Amino acid sequence: MASGQLQTILWHVHRLVGGQEAGEAPDRQLLDRFAAGRDPSALAVLVKRHGPLVWGVCWRALRHVQDAEDCFQATFLVLARKAASVAWRESVANWLYEVASRLAAETRTRNARRRAQERQVLVLPEKARGPESSPWELCAILDEELHRLPAKYRTPLLLCYLEGRTANQAARQLGWSVRTLERRLAQGRQRLRARLTRRGLTLSGVLLTAALSREAAQAAVPAGLATATLKAATSLMTELSPAVTALVESVSKGMPMTKLKLLTVVIVLLSATTGGGLLLGSVTPRTGETPSLSAPTAVDPPAPVRNPAARDRDATPPDLAHSAWAILELVRENHLKPPPRHELIVRAAQALLKTAQVKPPTDLADRAADVGSEQQLRTFVLAIWPRPGAAPMPPKAKLETAFLEGLCDGIPGESRLFSAEALKIEEQVSGNRYVGIGIMLAVNKEEKRPQIVLPFRRGTARKGGAKPGDLILEVDGKATQGVELEKVVGWLRGAEGTSVTIVVKQPAAATTRTLKLTRAVTPFDSVFGYRRASADSWNYLADPEARVAYVWLDSLKSSTLQELRQIERRLQADKVRALVLDFRFSEGEGHLHHAALVADGLLDSALMWRVRSTGDKVKEYRASGDCLFRGLPLAVLVNGIRDGAQGAVLGALQDTHRAVLVGEPAKGDGSVRTLFTLPDQQGGVTLLTGRLERTDPSHHWPVQPDYLVPVTDAQRAAVQKWLKDKQVPELPAGADDRPPPDPQLAKALDLLREALKKNSPPRAAAQAGGKG
Amino acid sequence: MNPRNGGVVTVSGLLALLVCWAAAPTNADNQRPQLRRPIALVLADGDTRLFVANQRSGSISVIDTKSRQIAAEVSVGRKLAALALTPDGTRLLAVDEEAGELLVLRRHGLRLETPVPIKVNPGPVSVQVAADGSRCYVASLWARRLTVVDLAAGTSGLHVVQTIALPFPPRLQLLLPGASRLVVASSFAGRLAVVDLARGEVESDRALPGHNIRGLALSADGSRLLVTHQVLNRLATTSRDDIHWGNLMNNCLRELPLANVRDPRADLLKDSRLHYLGDVDRGAGDPAGVATTRAGRVILALAGVGEVAIGGPGEGGGDRLAVGSRPTALTLSPDDRWAYVANTFADTISVIDLGKKQVAAEVALGQPAEPGRADRGEQLFYNARLSHDGWLSCQSCHTDGHSNGLLADTLSDGSYGTPKRVLSLLGVKDTGPWAWNGRVKELETQIRSSVQTTMQGRPLTAEQAGDLLAYLQTLTPPPGQGRFRASDAKARERGREVFHRQACDNCHAPPTYTSTRTFDVGLSDEAGNQLFNPPSLRGVSQGGPYFHDGRAATLADVLGRERHQLKHELTASERADLLAFLEDL
């Protein structure tokens, strides 16, 4: 799943769970106030601030209003009770999320037991579960996977996506720098993406949102619940329902927070065994280098996913020093500004020792300075390796990860480690060519069978007759009932061109259907039109009278150029005379290669940019003598996108005067990173290897619009919603896809109409009118 | 193979038969098992007779289109490359590439008289007849010349009127309405020249973003020039992603406003349209012949994938029909009802019902022969199905075994981001080791790797690799440009001395003018590679641009601006002599 699609899920989840609030005091302060004086207003702010998050967790897990309300109340009651006794962090979002998840899980287990008993008595058939229930399975999976993320990644995701905080607000609440927050946010996204992929939810994000939005109305915190909760929490006189009391007790007594955290760790380690990628092995530079380009958070590979189980089985564990040395050599040879080797070794050692809760030796820096070879690094690692002592030793794999992550943290320019698994996903994502039958799958827990939530727009399953809600009864003759989802996903997956036969049925249907499907690439759109004409087609005309078309680039992928070519054909048929290319909220994997392909596609025989890299080498990127949308005046919409690939395209369009840029400043800083893959499929590492230079020396990074058109937060949010909704192939009935008030688009259309009237490109208008 | 003597046709012991045939058509030739390789076709007498020029057998097949039977086949030459019919329908004009002749055959219905050969410039590959039938124009490949032949004076007075020098090795040509201008396309690169026929000179020579131009036609309304060609993107790599999404190689139909073509100062591409043929999962490798109906439908042969595309007005691709192997030429019946397609490797003609968009028949040209190893290799060479999804064939870059002159970013030098000039395969068997870095010691290894990593195709079987190898081994270097000039033998000799004095032969050692080693000649690619295996200089004047990155457009630039490995400065006369020597190789 592309990070953009994942963001969309989160974004919609955010919509689902409700709005933002303005209270700026950190949670800890509020809890202190509440604990000191039982100040109900302090708790009220907290309930308002985090209520939607907690409600979302409870509701998605339980889908039962009363149960969810009980859970919601219990969560805040526990918070109130513990207000004075816990050393709170700056934000309690993460804590609340954990407690709510735990309570919801308990409630679910209890309900399942109860329902089983009830069934025995009543012998009533369960109502067949239609497809409308399935998306909730996905929400549950999303929650489960969020739950399994380490807190440092989960918390920023919760704050920024589920609670709708801005990066600044979230950073302030957590006491982190914005940079740290954005980095962890990106890493968290990537990890979550990888986890969802392993759960068979590859690429499911976009369509999940459709289901989510359908139910959005139900997801607001029910009226009166917040008040009731506040009452319960602040007054000992309130009568609590037995269920709430039991839940509160279960947490207060049986589930201390430390235990919860331990549980989380165990889950993370267990789930990591399916990841399996180990970043160990020798490194060969220049093997499959993939230059990528991004602002700090645009390339957001996960940290290496380690496999402790495999490690323990392995009699001769791979050599940490070997991998670390390989990375150090890569840095020395390729990094734009390589830091001294010993500094990186110190950072790595410090991270390892911190994880082991051991104080670093005072002469650490001196020892690191002596390391001049792989063998010496090995000796160094052995010397500082923590000895078993009073504190329990973390697993070796964890220490090794800490060492390598510490090393990479020390490399300037946001270096990242990729696990082999993450590399593979990254490759498929950027190639936009997942091979499969193209379905989003979840488990129908009552049937104990996999269920097709939605067949993808361009997947073979959809073409072959799969319907949303289909239960999969058999895969190639193997019954699926009670089989783990991952195993079924394994059956369904296979090489391109091979076929798989599935037997499906609609939950309420009496008859089954047998579908023979060929596994094929299931591409995802990266370019969208103005308004959807059908699930498979777009209306591109934003101004039918002036024949001005509109195209939104959601991301830059391998396929983007191809999609633009297809659209050109359509625009020619529509006799389009001018075009708005919207880059707002565009995101992706930040590949310079994709940027070059798209910029080349849009430009005619022009120098696009230069890359100045290690050793002051300069490479020029030049567009060939063909271009798309030849002769059409072009206006480009831009806002705070931070993906450097888009930035490169925008810069080239501006520097060559091919387009006029309208909107707000972008954020990319022109850094070029190269992904060095490691041999033996051991993952990869990204290093800062170059800087992008614009061809117009008067222009700098980040890209500034020619016409600055500021918008309000509300306008921006409305536009974002409008754009992200384009990814949903079939909007829910009654949904409105008309564009919201959009001063930036309006300005672009004005400029183009003007240009058409004057029969001169809009750039000239910009020069005449000055920077607007 | 039909040897000739002194311009008199003797059909290797079949003279008697031929005479018989001239009186009454016979199927003797089409009953003889042989590889024919139909390459060009013309319809005559409305839509009743189809004449097919066969490249390999040097014969012309005559098809009665009503019965869809072979009415006759007659051997006329050695290697036919093109065919035309005079406007009055009385004479067929065939060009024999190997013999260097234009063959004029007077026709009486199905009956063809003994061909009258006219010597033209060596290596003729295409022919166009003026609308009034007074002249025809024959383009010669390596000679880079257009021969103008007077047809007005009847068979007895046929003679060459004029030779016009062309700026590149030509292949296709098309007379523009009005008959005063002729468009000629390069056989390899994306270049179009316009010849002013009245003045007998090239009026413009302009670049087209693309290469491998294999189809020229006028739009239905006569306002646009249609060109089929390919586009190789040097910014893309030969990765599976880039091939899959059509980023590396595109197969195109381009519509150029004829006004731009006519005006030497015009921007050729202004108001032009580029149609991308094929799509993801369904590449349209190596588009070739193109024709339009009066209603504006476009019919295209997709040679690499064995299909014909039928598009509506303004459409590029449209519906696709499977025909025989390597459809190249096509022609339409006067009523636009039928399309006839020459399937070069299948030795058949497909008859397509354009109304129903169906193949109505596939007419075999005669008794087929068992192809040999090199023949099978040749078929693979031109087969885009060897690549992922049919986007490209070997031919797409190594056009007719030569080079499209472009840069391709393959993995053969160990990394992407280092695009290199496509090398010619003409004479490749003698120029090992292979690849720019000389890393490949066996040609077969290079063949396998090209198919698998550059074309992202399935691994070749041992038999396929052997067949391709056998085919490549048949390719010989092109004759240098100097061979077609009345050049000064003394200058060439002095040039040879300069060549040795400058120690050029250290790296470019005769007789192959290459070396088995790699050298640092002061050039570096984007990845810092500096050791390159010197490309062979045999036929070097027919290649270019030069160096791994194509930095020198001409040989003169190699010696002049680049001063490539010169031990000491060349005087003007030394440079001229050295060029004369190199152009003779």
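The chains referred to below are lettered A, B, ... by the order of the sequence lines, with proteins before strands, and numbering in each begins at 1. This is a predicted model, so every value here is computed, not measured.
- Within a 6.0 Å sphere centred on CZ of R458(B), other residues, nucleotides and ligands contribute 12 heavy atoms or fewer.
- Atom NE2 in H594(A) sits 12.5 Å away from atom CG in L235(B) (nearest 0.5 Å).
- Interface remark: of the candidates L411(B), D279(B), L208(B), D279(B) forms the most heavy-atom pairs closer than 4.5 Å to chain A.
- To the nearest 0.5 Å, the span separating CD1 on I243(B) from OG on S558(A) amounts to 11.5 Å.
- In this structure, Y276(B) and R569(A) approach most closely via the heavy-atom pair O-NH2, 2.8 Å.
- Of the atoms belonging to N233(B), it is side-chain heavy atoms, and not backbone ones, that fall under 4.5 Å from chain A.
- No other option in Q566(A), Q562(A), R565(A), K619(A) has as many heavy-atom pairs under 4.5 Å with chain B as R565(A).
- Using a 4.5 Å cut-off between heavy atoms, E620(A) makes no contact with chain B at all.
- Rounding to the nearest 0.5 angstrom, the gap separating the OG atom in S605(A) from the CG atom in L269(B) is 8.0 Å.
- Residues S272(B) and R630(A) are in side-chain contact: their nearest non-hydrogen atoms beyond the backbone lie under 4.5 Å apart.
- Annotation: side chain of H591(A) is not in contact with side chain of D241(B) (no heavy-atom distance under 4.5 Å).
- Heavy atoms closer than 4.5 Å to chain A are found in both the backbone and the side chain of T237(B).
- Side-chain contact of D242(B) with H593(A): a donor-acceptor pair under 3.5 Å is present, judged by distance alone.
- The minimum heavy-atom distance linking P209(B) with G625(A) is given by the pair CG-O, 3.0 Å.
- With sequence neighbours left out, the salt bridge (charged side-chain N to carboxylate O under 4.0 Å, His left out) criterion links R570(A) to D574(A).
- Note that CG of D626(A) is 9.5 Å distant from CG of N250(B), once rounded to the nearest 0.5 Å.
- Without hydrogens or angle criteria, R234(B) side chain to R622(A) main chain gives no donor-acceptor distance under 3.5 Å.
- Contact check for W245(B) versus L561(A): no side-chain heavy atoms found under the 4.5 Å cut-off.
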